Q: 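Next up is a structure, given as structure tokens.
We name chains A, B, ... by the order of the sequence lines, and we start the count at 1 in each one. Note that the structure is a prediction, hence the values are computed from the model and not measured. Every heavy atom of this structure was used, including side-chain atoms; hydrogens, water molecules and symmetry mates were not.
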Amino acid sequence: MSNGFDVAERDFKERPMQRALSVSRMTGNKSTFPDWYQAIVREADMAEVSPVRGSMIIKPWGYGVWERIQQTMDRRIKEMGVDNAYFPLFIPLSFFAKEAEHVEGFAKEMAVVTHHRLKNIDGKLQPDPDAKLEEPLIVRPTSETIIGDAFSRWIKSYRDLPMKINQWANVVRWEMRTRLFLRTSEFLWQEGHTAHVSREDALASTLQALEMYREFSETVLAMPVIAGEKPENERFPGAEATYSIEAMMQDGKALQAGTSHYLGTSFSRAQNIRYQSDSGDLEFCHTSSWGVSTRLIGGVIMTHGDDDGLRLPPAIAPRQIVVVPMLRGKPEDAEVLAFAEGLVKALHEKFALGEPIRALLDTKDQKSSDKRWNWVRRGAPIIVELGPRDAASGQVTFMRRDNLRDGDKVQSQAMSRDDFVDAAPGLLAAIQQTLFEEAKASLDANIRGDLTTFDQVAEYFGKVSDEEEETSAFKGWVRASWSRPTGEALDAVEQRLKGFKLTLRNAPMNQPSSFGPCVFTGEPGVEEILIGRSY
RNA sequence: CGGAGUGUGGCUCAGUCUGGUAGAGCACCGCGUUCGGGACGCGGGGGUCGCAGGUUCGAAUCCUGCCACUCCGACCA
């Protein structure tokens, strides 16, 4: 601090340290990560529980993050040659009956519409028995069936292929247990659906989407992930192959942050999606589908959040630079405001991360210290505080959210206004980079690759009782060779892992050329698989 | 749907055992003093104590039933 406010500085230091958030990630040596997560969602103004069970209200700041995700990903989707469209929320029940495995996988968790009118019966508003639907409608849990139905009409010739469609929509799955952003009854997502002539093309499309998710996650969300193929038991119902990106949260658990499925011809057979080839034969299409959801926001929170609240990567921060004027109801306020307005205007003309800088002058009639802490909690990447002396001397005082404190003390920097405006794009890019590197270092440091037997894995993670979970949670993942068992042998593996609350995450895309013995069976290994606890 | 726990102003909770007509801190509103930083004083608004019955002169408190939420399992983006 070179701006010489010695007296106040001293007072500040003498105060006990306070964090901006009401709950820390750890309390003593006990993990309070779930409580911390709930606190951050609420206190960073991201979302709140709604009157409807398992559903959330996404508040403006949280929705702003989703809009940023939409905008930046939509550009990438279009670059893949995929067009947006919109399909109905309601899907006829019979559509699900067409693909047996698919309906089996989803049957237990669908919202069903059975009536089309309400009636006041004995003073109680209820579904009108006379208004029962002939065929119940399902509130979409995913749209393979209704989009497949459209594809079957749209696709006639090999010249219509590939067909690539995406929709941004809400879906409903009647989950038993819900958590804001991570698993809610209704959530927002994008779902891409493609149809192709050959297996190779469809698989290429599946992997292209997966790679897009990986790149998006790492460069936009600053969230490092491992892309790979899900084992057989974790496949999407009806899919031939399911791929995922897996992110590691700060408690060491895995979050499946995006999925991409190669569906083979099972859906096209069920829904008669056929094309006439150049030789005149009728052939079934090979299809793919892929999606990411508002769960990504939960991932960002649990990847970047700290004990002061959220830390948003600048690429998805609705406001990247927030200017808090120190107003005191005195004549010099006007100068401070004018100076702040000029600063915001100048920032808006600059570009950072390929887009105009999003700056905000916070003029809310509220104590400036409260405003500052609110923006710290919300995770605005750069918070600028401007007082009369800054205005008079043409200086800017600011703090970086990615590096808020020096020890217990909040650290701020001062710069001339013009230098700050010039430096802003670089600062935002640096914050984006720092957040990624921090998370990447943590991911890399928490994957163990030296365990070769199940006993070692079991010992490492430890048997989990409910009591123990808190302290044994920060184990990260194990990457080990396995023989890729299928069927009952795979079920057996799943059961063994279950005793340790472990699951198979995915087999990473980049594999070595040789493998040790299978960690489960001791048979020759054929690939490496990630093992960990998950959300 | 099984196991455990919890429901008291926006948030965190006390009060429940031993019934007497609702409290604290933070947040919010007003006035004042402060103020280069999460300040303080005084005053104020806000709760049918999850819901419905019951016992009682009287119920947040006791009894019965129900509901909701949280955590753990089954399910899952």
Q: Between rC28(B) and rC69(B), how far apart are the C1' atoms? Round to whole Å, please.
A: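 Approximately 26 Å lies between the C1' atom of rC69(B) and that of rC28(B).
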Q: Please give the distance between the P atoms of rC17(B) and rC63(B) as a whole number of Å.
A: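 Roughly 9 Å separates the two P atoms.
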Q: Of Glu234(A), Lys230(A), Arg235(A), which is the lone residue that meets side-chain contact (heavy atoms from CB on, under 4.5 Å) with Glu232(A)?
A: Arg235(A)
Q: Among the nucleotides rA39(B), rA74(B), rA77(B), which one has an atom lying closest to any side-chain atom of Arg295(A)?
A: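 It is rA77(B).
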Q: Of the listed nucleotides (rA77(B), rU12(B), rA39(B)), which one gets closest to any side-chain atom of Arg42(A)?
A: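 Comparing rA77(B), rU12(B), rA39(B) against the side chain of Arg42(A), the answer is rU12(B).
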Q: Remember a base hit wins even if backbone is also touched, and classify Glu385(A) as base, sugar-phosphate or nothing at under 4.0 Å, heavy atoms.
A: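 If one applies the 4.0 Å heavy-atom cut-off, Glu385(A) turns out to touch a base.
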Q: Checking base pairs now: Watson-Crick or wobble, both atom distances under 3.5 Å. What partners rA60(B)?
A: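 Check on rA60(B): unpaired, no WC or wobble geometry under 3.5 Å.
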Q: Provide the distance between the two P atoms, one in rG50(B) and one in rA68(B), to the nearest whole Å.
A: 16 Å
Q: When you compare rG19(B) with rG3(B), how far apart are their C1' atoms, in angstrom units rounded to a whole number?
A: 33 Å
Q: Lys498(A) side chain: which of rG73(B), rA74(B), rA77(B) is closest?
A: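 Closest nucleotide among those given: rA74(B).
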Q: Given atom CG of Asp45(A) and atom P of rC11(B), what is their separation to the nearest angstrom?
A: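 From Asp45(A) CG to rC11(B) P: 14 Å.
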Q: What is the distance from CZ of Arg179(A) to P of rG73(B), rounded to the nearest Å?
A: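 Taking CZ of Arg179(A) and P of rG73(B), I get 12 Å after rounding.
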Q: Under 3.5 Å, is there any donor-acceptor pair linking the side chain of Arg173(A) to the base of rC76(B)?
A: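 In this structure, the two groups form no donor-acceptor pair.
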Q: Which one, rA39(B), rG73(B), rC35(B), comes nearest to the side chain of Lys330(A)?
A: rC35(B)
Q: In whole Å, measure the gap between the P atoms of rG23(B) and rA60(B) for me.
A: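 Looking at atom P only, rG23(B) and rA60(B) are 13 Å apart.
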Q: How many whole angstroms separate atom CH2 of Trp66(A) from atom C1' of rA77(B)?
A: 10 Å
Q: Which is true for Leu182(A) with a 4.0 Å heavy-atom rule: it touches a base, it touches only sugar-phosphate, or it touches nothing?
A: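 The answer is base, as Leu182(A) lies within the cut-off (heavy atoms under 4.0 Å) of a base atom.
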Q: Using the P atom in both, what is the distance from rU6(B) to rG58(B), to the nearest Å?
A: 30 Å
Q: So how far is it from Gln495(A) CD to Leu497(A) CG, rounded to the nearest 0.5 Å?
A: 9.5 Å
Q: Who passes ring pair (Phe, Tyr, Trp, His ring centres under 6.0 Å) against Phe87(A), sequence neighbours left out?
A: Trp154(A)
Q: Heavy atoms under 4.0 Å, any strand shown: does Ser368(A) hit a base, just sugar-phosphate, or nothing?
A: nothing
Q: Roughly how many Å is it from CE in Met326(A) to C1' in rC35(B), rounded to a whole number?
A: 9 Å
Q: Does the side chain of Glu186(A) come under 3.5 Å of the side chain of Ser55(A) through a donor N or O and an acceptor N or O?
A: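 Glu186(A) vs Ser55(A): no donor-acceptor pair found between side chains.
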Q: To the nearest Å, give me how far apart CG (Asn233(A)) and C1' (rC75(B)) are.
A: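 Value for this atom pair: 14 Å.
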Q: Using Watson-Crick or G-U wobble geometry with both distances below 3.5 Å, tell me the partner of rG43(B), or none.
A: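 When the pairing criteria are applied, rC29(B) turns out to be the nucleotide that pairs with rG43(B).
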Q: Starting at atom CG of Asp365(A), determine the distance to atom C1' of rC29(B), rounded to an integer number of angstrom.
A: 12 Å
Q: Please state whether the phosphate of rC35(B), meaning OP1 or OP2, lies under 4.0 angstrom from any side-chain nitrogen or oxygen of Lys367(A).
A: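 The answer is no; no side-chain N or O of Lys367(A) sits under 4.0 Å from OP1 or OP2.
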Q: Under a 3.5 Å limit for both distances, which nucleotide forms a Watson-Crick or G-U wobble pair with rG19(B), could you say?
A: none
Q: Just the rounded figure in Å: distance from P of rA39(B) to CD of Gln366(A).
A: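 About 12 Å, once rounded to whole Å.
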Q: So Ala257(A), base contact, sugar-phosphate only, or nothing? Heavy-atom distance under 4.0 Å.
A: nothing
Q: Any side-chain donor-acceptor pair under 3.5 Å between Trp189(A) and Asn170(A)?
A: no
Q: Nearest to the side chain of Gln38(A), which nucleotide is it out of rU70(B), rC11(B), rA77(B)?
A: rU70(B)
Q: Applying side-chain contact (heavy atoms from CB on, under 4.5 Å), can you list everything that pairs with Ile226(A), at least two apart in sequence or on another chain?
A: Leu443(A), Ile447(A), Trp477(A), Asn506(A), Pro508(A), Leu530(A)
Q: What do you reckon, are the aromatic ring centroids of Trp66(A) and Trp61(A) less than 6.0 Å apart?
A: no
Q: Between the side chains of Thr503(A) and Arg505(A), is a donor N or O closer than 3.5 angstrom to an acceptor N or O?
A: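 Yes, side-chain donor-acceptor contact under 3.5 Å.
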Q: Does rC49(B) pair with anything, Watson-Crick or G-U wobble, both distances under 3.5 Å, and if so, with which nucleotide?
A: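 Across all strands, not a single nucleotide pairs with rC49(B).
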Q: Between rG65(B) and rG47(B), how far apart are the two C1' atoms, rounded to whole Å?
A: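 Rounded to whole Å, the distance is 25 Å.
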Q: Using heavy atoms to find the nearest nucleotide of RNA chain B for Leu21(A) and Arg235(A) separately, return the residue whose nucleotide is more 5′.
A: Leu21(A)
Q: Return whichever of Ser185(A) or Gly54(A) has its heavy-atom-nearest nucleotide of RNA chain B closer to the 5' end.
A: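 The residue mapped nearer the 5' terminus is Gly54(A).
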Q: Without decimals, in angstroms, what is the distance between Met249(A) CE and rA77(B) C1'?
A: 13 Å
Q: Pick the P atom in rG10(B) and in rU55(B), then give their distance to the nearest Å.
A: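 Pairwise P distance, rG10(B) against rU55(B), rounds to 32 Å.
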Q: Considering every strand and a 4.0 Å limit on heavy-atom distances, what is the contact class for Gly387(A): base, sugar-phosphate, or nothing?
A: base
Q: Partner of rG2(B) by Watson-Crick or G-U wobble geometry, both contacts under 3.5 Å, or none?
A: rC72(B)
Q: Check every strand shown and say whether Thr184(A) touches a base, only sugar-phosphate, or nothing at a heavy-atom separation below 4.0 Å.
A: base
Q: Could you say whether the aromatic ring of Trp189(A) and the base of rA77(B) stack, counting only centre distances under 5.5 Å and plane angles under 30°?
A: no
